[in-house]
Number of protein chains: 2
Amino acid sequence: MPTRRSTPRPLPPAKKQAARFALQREADRTATAEDYVELIADLLREEGEARAVDVARRMGVSQATVTATVGRLQRDGLVETKPYRGLFLTAEGQTMATAAKARHDLVVRFLIAVGLDAETAEEDAEGLEHHASDKALAAFARFLAEREG
Amino acid sequence: MPTRRSTPRPLPPAKKQAARFALQREADRTATAEDYVELIADLLREEGEARAVDVARRMGVSQATVTATVGRLQRDGLVETKPYRGLFLTAEGQTMATAAKARHDLVVRFLIAVGLDAETAEEDAEGLEHHASDKALAAFARFLAEREG
DNA sequence: TCCGAAAGTTAGCCTAGGCTAAGAACTGTT
DNA sequence: AACAGTTCTTAGCCTAGGCTAACTTTCGGA
Ligand SMILES: [Mn+2]
Ligand SMILES: [Mn+2]
Ligand SMILES: [Mn+2]
Ligand SMILES: [Mn+2]
């Protein structure tokens, strides 16, 4: 008998396809903010303070880039800075950070559950987390609940 | 007994974390090229030709943007153009397109297998595909093989 | 054949997110 | 109190990837 061929998926309607790409671009635009606020929250919790230098080191980016990016986050009402004493999150930033962290951890646990090694799971989660919809995250959570109890 | 708390994940070493973010940025940089060559390949296969105008419509982007982006793809040796007769893939572009399509389809099938509805799977796959490592894809394939036969 | 519509390009603009190099501002230690 | 070393900002640069408006080129039908 013939090997099961994957079904040839015809082109989606142009409008629908365009909408999907638009969603993707939207997610890309928010990814940096999510990563920054998540990192700032982690630093505040684990180290007691979130210095721009440390954000730069951990993001793998120059201090100048952090200054510029934090400027945008500030403009967008997510972050506050007290020069020479670190970065802080607004209520909105805190909310975003909490959601980002939950999402991040869920994605990591899910990837491990489907057989990925821990380090690769961490690597991939850093990117994947920004493109998993709420519905996808719910599916991941369901999957974990079912097989972990 | 207490609810199982998720393990508090301490901060990863700065270098490792920076490397993860770098990987993520790298994936972001190649995402557009992957989507374009995949779409061009799809159009060539399904419609016989890949016109810039159709790429613009399906990407949800202006024709001017397509001109500019295709210029970069050409510069990078992925695409060739015959004005007023469409876009074509170089051997390298074809290779990338084939890989992109395989990855895309695998991610869609995997998402559906873990319980996501088809349309959301298509939406999310458009972004997720660019951030799943080969190891992750292998894990997804394994998962599908196990439970689908 | 010719001429309007479609396809494609060009020009000029914008933002995000990178970089380096240089300077300013603060802090902790002596 | 001073100053060395950190931390942070500024200035100036770059590319990708968006946009609109206006132009040119081609194609096809009357
Ligand atoms: Mn991330
Ligand atoms: Mn994250
Ligand atoms: Mn995609
Ligand atoms: Mn795709």
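The sequence lines fix the lettering, A, B, ..., with proteins before strands; numbering per chain opens at 1.
- Contacts with DNA chain D (heavy atom under 4.0 Å) in residues 125-133 of chain A: none are found.
- One can place CD of Gln24(A) at 11 Å from P of dG17(D), the figure rounded to the nearest angstrom.
- Close to dC8(D), at under 4.0 Å from its OP1 or OP2, lies a side-chain N or O of Arg51(A).
- When each of Arg75(A) and Thr81(B) is assigned the nucleotide of DNA chain C with its nearest heavy atom, Thr81(B) is the one assigned upstream, toward the 5' end.
- For the salt bridge (charged side-chain N to carboxylate O under 4.0 Å, His left out) condition, the pairs that include at least one residue of residues 21-35 of chain A, sequence neighbours left out, are Glu26(A)-Arg29(A), Glu34(A)-Arg103(A).
- Residues satisfying the salt bridge (charged side-chain N to carboxylate O under 4.0 Å, His left out) test with Glu47(A), not counting sequence neighbours, are none.
- Remark: Asp42(B) pairs with Arg45(B), Lys101(B) by the salt bridge (charged side-chain N to carboxylate O under 4.0 Å, His left out) rule, at least two apart or across chains.
- Distance, Arg57(A) CZ to dT7(D) C1': 12 Å, rounded to whole Å.
- At least one side-chain heavy atom of Leu89(B) sits less than 4.5 Å from a side-chain heavy atom of Val79(B).
- Looking at Leu111(A) and Leu128(A), their side chains come closer than 4.5 Å, going by heavy atoms from C-beta outward.
- One interatomic measurement links the two molecules: CE of Met59(B) to P of dG18(D), which rounds to 7 Å at whole-angstrom precision.
- Applying the salt bridge (charged side-chain N to carboxylate O under 4.0 Å, His left out) criterion to Glu119(B), with sequence neighbours excluded, gives Arg20(A).
- With rounding to whole Å, Glu49(A) atom CD is found 14 Å from dC8(D) atom C1'.
- Each of Asp28(B) and Ala50(A) was matched to the nucleotide of DNA chain D holding its nearest heavy atom; the match closer to the 5' end belongs to Ala50(A).
- Computed from coordinates, the Leu87(A) CG to dT7(D) P distance equals 13 Å when rounded to whole Å.
- The nearest whole Å value for the distance from the CD atom in Gln74(A) to the C1' atom in dG17(C) is 17 Å.
- Asp76(A) has its CG atom 10 Å from the P atom of dG17(C), to the nearest Å.
- Tyr36(A) has its OH atom 13 Å from the P atom of dA16(C), to the nearest Å.
- Within the 4.0 angstrom heavy-atom criterion, no nucleotide atom of any strand lies near Thr69(A).
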Worksheet, complete the sentence: Scoring nucleotides 19-26 of chain D by protein non-hydrogen atoms under 4.0 Å (B base, S sugar-phosphate only, - none) yields BB----BS
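- For Phe143(A), the ring-ring contact (aromatic ring centres under 6.0 Å, His included) partners are Phe110(A), Phe143(B), not counting sequence neighbours.
- Scored by the ring-ring contact (aromatic ring centres under 6.0 Å, His included) test, His130(B) finds no partners at all (sequence neighbours excluded).
- Contact annotation: Arg72(A) side-chain N/O to dT15(C) OP1/OP2 distance is not under 4.0 Å.
- Close to dG17(C), at under 4.0 Å from its OP1 or OP2, lies a side-chain N or O of Thr32(A).
- Judged as a salt bridge (charged side-chain N to carboxylate O under 4.0 Å, His left out), the pairs with a partner in residues 50-69 of chain B (not counting sequence neighbours) are, in order, Glu49(B)-Arg51(B), Asp54(B)-Arg57(B).
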